[in-house]
Amino acid sequence: VQDIYHATNRLVVSAGIRWDPWLAPSDHMNHGSVFNMGDFQNNVHSTVFPNAPAGSLYVGDPGVSSKYAQNSLWQFSPRVGITFDPTGLGKTVFRAGSALVYEWANLWTAQHVAQNAPYATLISNAPVNVPLSFVNPFANGSNAGTQFPLPPTPLPNSTFYKQSQYIVFEPNFHPSYTFQWTASIQQELSHGWQFQIDYVGSQSTHVGVALPLNPAVYTPGSSTLGNTASRYLLTLANAAQGPYYAGGGTGSALISSGANSSYNGMIATIQHRLSSTFTFFANYTWSHCFDIQDAPGDFASTTVENPNNIRLDRANSGYDYRNVVNSALVVNSHFPMTGWKAMVLNNWELAPLLTIRSGAPFTVLTGVDNSLTAIGTDRPNVVNPSAIYTGKQLTKTTAGNRNYINASAFSANAIGTYGNEGRNSLRGPKYLQLDGELSRYFPIRENLKLDFRLEAFNALNHPDFSVPASSSITSSTFGQISSTTYGARIFQGAIKIIF
């Protein structure tokens with residue numbers, strides 16, 4: 001439902017509300033499972049698959065539906081916007097608006113749930129640090145023997161194997177929603193020029209994040225890398241049933257909707273409308289984007305450092321390019337000439353396109369599971385902030401030479417702790433890209449002309465370096481940049497007959 005109200009000839013208000021319910025997708029074949037921690041601790045097993053590990057429940061068990069997540073019916077999206085012309089001349093316009101919008105959860109996320117055992121299975125070779133046996137690949141982790149292929153329709157007495165991966169939704173999973181707001185001023189200038197400045201902001205809630213269902217628990221004085229398997233959360237809670245669930249950051253996962261993100265940005269734009277000779281557009285964006293986890297598109301493993309406090313990962317988004325400049329110009333030559341001068345100088349078109357932006361954010365990792373949680377995303381301590389950047393970008397073959405950042409500026413986090421380095425706290429090299437196009441029309445007769453075109457990508461052949469290839473302080477190539485975000489200069493040409 002929406003309406004537009006013309007309050008005066010200078011003020012227009014539009015408002016509306018949308019009912020946007022989310023119906024969780026269901027699996028027609030009832031594939032998938034849920035996990036109930038209370039049932040796991042009380043050793044309650046499924047009545048559908050009695051051999052399933054405690055806590056894993058299936059369609060047919062009490063309270064389990066084929067949706068595996070709750071519907072969210074009462075989702076209403078209100079929105080409002082105003083436009084105000086303070087002078088009534090149509091040359092200055094103030095605009096503002098806000099809206100609450102809901103996002104549909106990624107449908108392919110549910111396919112992981114539908115692959116939980118016994119419908120499919122992914123088995124890890126645990127305990128940690130035990131070599132793989134090629135004679136019996138499942139011996140160390142699952143004692144599964146030969147188990148593939150799985151039957152297309154699992155039987156009630158299906159066998160369940162240890163260290164299988166289970167990916168489940170949290171019981172109160174909720175689709176994310178975003179509150180957006182914007183305000184802008186548009187000013188028409190003389191001779192076809194226009195200036196505009198915008199403020200754009202948003203806050204997203206119930207953002208999806210994958211958490212480890214079975215992380216390792218650190219106990220001071222007794223925890224080591226060698227006893228990780230015995231310290232998994234579910235193993236400690238139920239020693240007989242816990243080993244059936246793969247542990248760590250890439251093992252079993254809980255898809256949660258407990259993350260959030262925010263964005264604030266200023267965009268200043270100046271442009272010249274298309275005329276017979278040229279059009280021009282340029283803008284500058286200053287923005288800051290926070291989140292806890294960059295949208296992975298899929299949820300099969302966790303990226304947060306501490307699953308017990310995911311706010312430690314609320315920091316610069318991986319998409320947070322703080323300063324961005326874009327500029328485009330199209331110039332046509334139409335001189336009042338005749339004869340050979342007109343043939344040489346007229347009908348040319350030049351169109352450069354320039355992009356400049358801040359370096360991409362990136363994170364330094366310890367490279368060792370010093371937190372002893374088996375997540376594998378420990379960050380180190382920053383011991384010398386002033387010595388992080390070397391001022392160099394190129395990589396040479398000599399180890400330690402021409403590093404972009406210094407390993408000496410960091411130290412490994414102490415056993416059982418997390419480092420003080422923030423997620424995405426470092427910045428890669430700046431980006432500069434100039435593309436261009438030069439073309440010429442050769443009129444032959446009224447309905448026939450020849451179009452010659454030459455295009456250049458990365459016309460300056462400027463190397464735009466990526467972030468360092470290795471982010472682990474234990475790596476021999478730590479801090480070295482070995483690639484670019486865009487290739488070398490490319491020219492391409494074309495001739496086209498237009499008739």
Side-chain angles (χ1 to χ4, degrees), residues 21-27 30-42 44 46 52-59 61-75 102-117 164-178 204-215 217 232-234 237-238 241-242 244-261 291-314 373 375:
W22 183 70
L23 304 178
S26 61
D27 190 286
N30 293 331
H31 289 186
S33 67
V34 299
F35 178 79
N36 185 291
M37 188 63 178
D39 287 344
F40 174 80
Q41 292 172 324
N42 294 319
V44 176
S46 169
S56 283
L57 305 176
Y58 299 81
V59 175
D61 288 321
V64 180
S65 74
S66 60
K67 291 180 177 295
Y68 306 113
Q70 63 182 3
N71 291 330
S72 185
L73 298 178
W74 304 113
Q75 295 186 165
Y102 286 86
E103 180 184 52
W104 281 61
N106 295 330
L107 296 183
W108 60 79
T109 298
Q111 63 96 5
H112 279 300
V113 178
Q115 290 179 347
N116 290 344
S164 293
Q165 184 186 54
Y166 292 83
I167 297 180
V168 296
F169 285 100
E170 65 179 356
N172 58 342
F173 181 85
H174 194 288
S176 66
Y177 62 84
T178 300
S204 297
T205 305
H206 290 303
V207 177
V209 60
L211 302 176
L213 183 66
N214 193 19
V217 177
Y232 282 131
L233 175 68
L234 298 184
N238 188 329
Q241 298 297 308
Y244 283 91
Y245 296 89
T250 58
S252 299
L254 175 69
I255 303 173
S256 170
S257 54
N260 57 63
S261 63
D291 63 14
I292 290 176
Q293 176 187 23
D294 294 342
D298 199 0
F299 298 96
S301 61
T302 186
T303 63
V304 298
E305 182 183 43
N306 182 358
N308 297 315
N309 184 9
I310 64 174
R311 287 192 61 83
L312 288 177
D313 279 65
R314 179 169 169 81
T373 58
I375 304 301

Subject >> Test of ring centre spacing under 6.0 Å for Phe40 and Phe35 >> reply: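 Yes.
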
* Go through the steps for Ile255 and Val168 under the test side chain to side chain contact (heavy atoms under 4.5 Å, CB included), then give the verdict. => CA-CA 6 Å; Ile255 303 173; Val168 296; over 6 Å; no

Margin query: Checking side-chain polar atoms at under 3.5 Å, does Thr178 have a donor or acceptor matched by the opposite partner on Ser204?
Written below: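 Yes, Ser204 and Thr178 have a side-chain donor paired with an acceptor closer than 3.5 Å.
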
Exercise: do Ser33 and Asn116 side chains pair donor with acceptor under 3.5 Å =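 Yes.
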
Practice task
Using modelled atom types only, decide if a donor and an acceptor are shared between the side chain of Lys67 and the backbone of Ala24 within a distance under 3.5 Å.
Solution key: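 Yes; judged by distance alone, with no hydrogens or angles, the pair exists.
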
**Message:** Looking at Asp39 and Asn36, would you say the former's side chain and the latter's main chain have a donor-acceptor pair under 3.5 Å?
**Reply:**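 Looks like no, no N/O pair under 3.5 Å.
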
From [X] [atom1] over to [Y] [atom2], what is the distance, rounded to the nearest 0.5 angstrom?
X      : Y      : atom1 : atom2 : result
Asn71  : Ser65  : CG    : OG    : 7.5 Å
Leu254 : Thr302 : CG    : OG1   : 10.0 Å
Asn308 : Thr373 : CG    : OG1   : 9.0 Å
Leu234 : Ser252 : CG    : OG    : 7.5 Å
Asn172 : Gln70  : CG    : CD    : 6.0 Å
Tyr245 : Asn214 : OH    : CG    : 9.5 Å

Run the numbers on Gln75 and Trp22 for side chain to side chain contact (heavy atoms under 4.5 Å, CB included), then give the verdict. CA-CA 8 Å; Gln75 295 186 165; Trp22 183 70; 3.9 Å; yes

Quick one: are [X] and [Y] in side-chain contact, heavy atoms under 4.5 Å?
X      : Y      : answer
Ser176 : Glu103 : yes
Tyr102 : His174 : yes
Asn260 : Ile292 : yes

How close do [X] and [Y] get, heavy atom to heavy atom, and via which atoms?
X      : Y      : value
Leu57  : Val64  : CB-CG2, 3.8 Å
Ile310 : Gly258 : CD1-O, 3.8 Å
Asp313 : Glu305 : OD1-N, 3.0 Å
Tyr58  : Ser46  : CD1-OG, 3.6 Å
Ala237 : Met37  : CB-CE, 4.2 Å

List the residues meeting ring pair (Phe, Tyr, Trp, His ring centres under 6.0 Å) with Tyr244, not counting sequence neighbours, and say none if there are none.
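Per chain and number, Tyr244 pairs via ring pair (Phe, Tyr, Trp, His ring centres under 6.0 Å) with no residue.
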
query: Should Val304 and Leu312 be marked as a side chain to side chain contact (heavy atoms under 4.5 Å, CB included) after you check the CA-CA gap, both sets of side-chain angles, and the distance that decides it?
result: CA-CA 8 Å; Val304 298; Leu312 288 177; over 6 Å; no

Original post:
Are Ser66 and Asp27 close enough, and set up right, to give a side-chain hydrogen bond (donor to acceptor under 3.5 Å, both in side chains), and what steps lead you there?
Top reply: CA-CA 6 Å; Ser66 60; Asp27 190 286; over 6 Å; no

*Option among Ser72, Ser256, Ser257 that satisfies the side chain to side chain contact (heavy atoms under 4.5 Å, CB included) test with His206*: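 Output: one option passes, namely Ser257.
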
task: Before giving the answer on side-chain hydrogen bond (donor to acceptor under 3.5 Å, both in side chains), spell out for Arg311 and Asn306 the whole-Å C-alpha distance, their side-chain angles and the decisive distance to 0.1 Å.
output: CA-CA 9 Å; Arg311 287 192 61 83; Asn306 182 358; over 6 Å; no

Requested in this report: Give the intermediate values and the outcome of side chain to side chain contact (heavy atoms under 4.5 Å, CB included) for residues Leu23 and Leu73.
Outcome: CA-CA 7 Å; Leu23 304 178; Leu73 298 178; 3.4 Å; yes

